[in-house]
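Scroll down for the structure; my scribbles are underneath it.
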Amino acid sequence: MRIVLIGPPGAGKGTQARVLAERLSIPAISTGDLFRAHVAEGTALGLRAREYMETGALVPDEVTTAMTAARLAEEDAASGFLLDGFPRTVRQAELLEQTLTAQSIALDRVLAFDVPDDHVVQRLASRRVCGDCGRILHADPVDGSEAHYCQNCGGALRRRDDDREETVRKRLDVYTAQTVPLLDWYTTRALLTRVPATGLIEEVTRRALAAVLPSILPELSVSADGR
Ligand code: AMP
């Protein structure tokens with residue numbers, strides 16, 4: 001199964017990508033994570049990408065697509081993958097389509113996560129990421145009981161540099177201007193399903209799975225009801 005997740009920053013794509021990939025036994029490939037790994041290692045690609053990431057802008061299409069194509073060529077992605085955060089422009093979608101067509105394969109479904117803007121800013125203000133395992137958690141700004149260590153592996157939690165409110169607003173503008181046109185592009189290819197992404201994580205997962213695997217819905221409703 002080959003799936004693409006599209007959504008504004010803070011829509012919960014990263015969290016859902018992990019859960020869905022595990023449920024579907026395919027790798028979750030996040031271009032944001034790939035770029036952050038390059039930045040952390042100080043590679044030439046990382047140095048270039050950092051200039052764009054710091055301001056909330058997109059890294060140029062050709063650079064991003066080459067990096068993603070190289071990742072998709074790895075063995076674990078041969079029978080399926082879930083792309084989180086790529087493509088983000090119509091140009092990237094065209095390049096991805098060319099890459100897949102050359103291998104006689106195609107995407108099965110594109111999920112667009114819908115969340116209101118004010119929700120996004122709020123979510124990103126409280127987002128923390130584990131420096132060791134990459135798990136995404138939310139500090140609780142209401143009672144101030146901020147967690148400092150990951151519940152999963154004990155690693156130190158940190159705030160992403162680009163989650164500052166100013167950069168988040170810029171990332172939202174970039175999403176509207178450059179990524180939203182992709183929704184029509186995939187609609188005309190009969191690939192797009194819109195998924196309301198507010199509510200409990202499990203509910204969003206259920207909606208996403210319902211969009212990609214209608215045939216397993218009865219089984220899911222049984223486990224969701226606990227019967
Ligand atoms: P993310 O973790 O998906 O929010 O991505 C973090 C940053 O990485 C973005 O704000 C961009 O600067 C860069 N980035 C990630 N994916 C892409 C993409 N498909 N095209 C261009 N830049 C990207």
Side-chain angles (χ1 to χ4, degrees), residues 2-18 20-21 27-41 43-72 77 81-100 107 110-113 115 117 119-121 123-131 133-138 157-183 185-186 197:
R2 297 178 180 89
I3 304 169
V4 161
L5 297 189
I6 299 178
K13 294 191 302 296
T15 301
Q16 292 297 331
R18 275 167 190 262
L20 292 170
I29 298 173
S30 151
T31 41
D33 284 350
L34 292 177
F35 280 131
R36 279 184 287 278
H38 275 282
V39 170
E41 285 163 27
T43 66
L45 175 65
L47 290 178
R48 183 146 184 231
R50 193 169 65 178
E51 286 172 36
Y52 298 92
M53 294 170 80
E54 273 175 356
T55 62
L58 293 183
V59 180
D61 289 337
E62 284 15 35
V63 176
T64 308
T65 305
M67 177 185 75
T68 310
R71 177 63 188 87
L72 290 179
F81 52 77
L82 188 150
L83 280 171
D84 159 19
F86 181 92
R88 250 160 150 121
T89 65
V90 169
R91 178 71 189 139
Q92 290 179 14
E94 287 168 351
L95 291 169
L96 175 65
E97 192 178 60
Q98 282 169 23
T99 306
L100 298 181
L107 294 175
V110 176
L111 302 179
F113 283 7
V115 271
D117 280 10
H119 207 91
V120 161
V121 176
R123 263 198 203 179
L124 293 186
S126 68
R127 175 161 77 176
R128 302 291 180 273
V129 184
C130 173
C133 75
R135 184 70 58 105
I136 299 157
L137 296 160
H138 285 269
L157 298 181
R158 51 175 193 75
R159 187 165 188 190
R160 267 175 54 171
D161 290 343
D162 57 355
D163 279 349
R164 284 179 305 257
E165 183 162 344
E166 195 187 298
T167 319
V168 167
R169 299 256 173 224
K170 161 84 182 175
R171 286 161 67 206
L172 275 173
D173 290 347
V174 166
Y175 178 75
T176 306
Q178 301 193 53
T179 307
V180 168
L182 250 190
L183 304 182
W185 197 84
Y186 277 126

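We count residues from 1, following the sequence as given. Remember, it's 1-based here, ligands and their atoms both numbered in the order they're listed.
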Q: Considering non-hydrogen atoms only, spot the tightest contact between Pro87 and Leu96 and give its length.
A: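 Taking Pro87 first and Leu96 second, the nearest heavy atoms are CD-CD2, 4.0 Å.
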
Which residue and atom name correspond to the protein heavy atom nearest [atom], and how close is it?
atom	answer
atom 11 (C) of ligand 1	Ala57 O, 3.5 Å
atom 23 (C) of ligand 1	Phe35 CE1, 3.7 Å
atom 4 (O) of ligand 1	Arg160 NH2, 3.1 Å
atom 16 (N) of ligand 1	Thr31 OG1, 2.8 Å
atom 20 (N) of ligand 1	Gln92 NE2, 2.8 Å

I'd like to check whether [X] has a polar contact with ligand 1, where a contact means an N/O of the residue lying under 3.5 Å from an N/O of the ligand.
X	value
Ser30	no
Val59	yes
Phe86	no
Asp162	no
Asp33	no
Tyr52	no
Pro87	no

Q: Within a distance under 4.0 Å of any heavy atom of Arg36, pick out the atoms of ligand 1 and give their elements.
A: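 Every atom of ligand 1 under 4.0 Å from some heavy atom of Arg36: 2 (O), 6 (C).
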
(Q) Within the 4.0 Å heavy-atom shell around Thr64, which atoms of ligand 1 are there? (A)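 Ligand 1 atoms under the 4.0 Å threshold to Thr64: 18 (C), 19 (N), 20 (N), 21 (C).
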
**Q.** Side-chain ion pair, Glu166 and Lys170, N-O less than 4.0 Å
**A.**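 No, this pair does not count.
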
Are the side chains of [X] and [Y] in touch, meaning some heavy atoms are under 4.5 Å apart?
X	Y	value
Phe81	Ile3	no
Pro9	Leu172	yes
Ile6	Tyr175	yes

Q. Among Arg88, Glu54, Glu51, which residue places a heavy atom closest to atom 1 (P) of ligand 1?
A.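 Selected option, by shortest heavy-atom distance: Arg88.
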
Q) Out of Arg91, Met67, Arg171, whose heavy atom sits nearest atom 10 (O) of ligand 1? A)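 That would be Arg171.
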
Q) Using a distance-only test with no angle check, is there a side-chain donor-acceptor pair under 3.5 angstrom linking Thr167 and Asp162? A)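 No, no side-chain donor-acceptor pair sits under 3.5 Å.
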
Q.
Does Arg50, at its CZ atom, have more than 12 non-hydrogen atoms belonging to other residues, nucleotides or ligands within less than 6.0 Å?
A.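 Count not over threshold, so no.
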
Q) If you draw a 6.0 Å radius around CZ in Arg135, do more than 12 non-hydrogen atoms from other residues or ligands fall strictly inside? A)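 Not more than 12 within 6.0 Å, no.
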
Q: Using non-hydrogen atoms of the residue, decide whether Lys13 is closer than 4.0 angstrom to ligand 1.
A: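 Lys13 does not count as a contact of ligand 1 under the 4.0 Å cut-off.
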
Taking [X] for the side chain and [Y] for the main chain, is one N or O donor matched with an acceptor at less than 3.5 Å?
X	Y	result
Gln92	Arg88	yes
Arg169	Asp173	no
Thr31	Gly85	yes

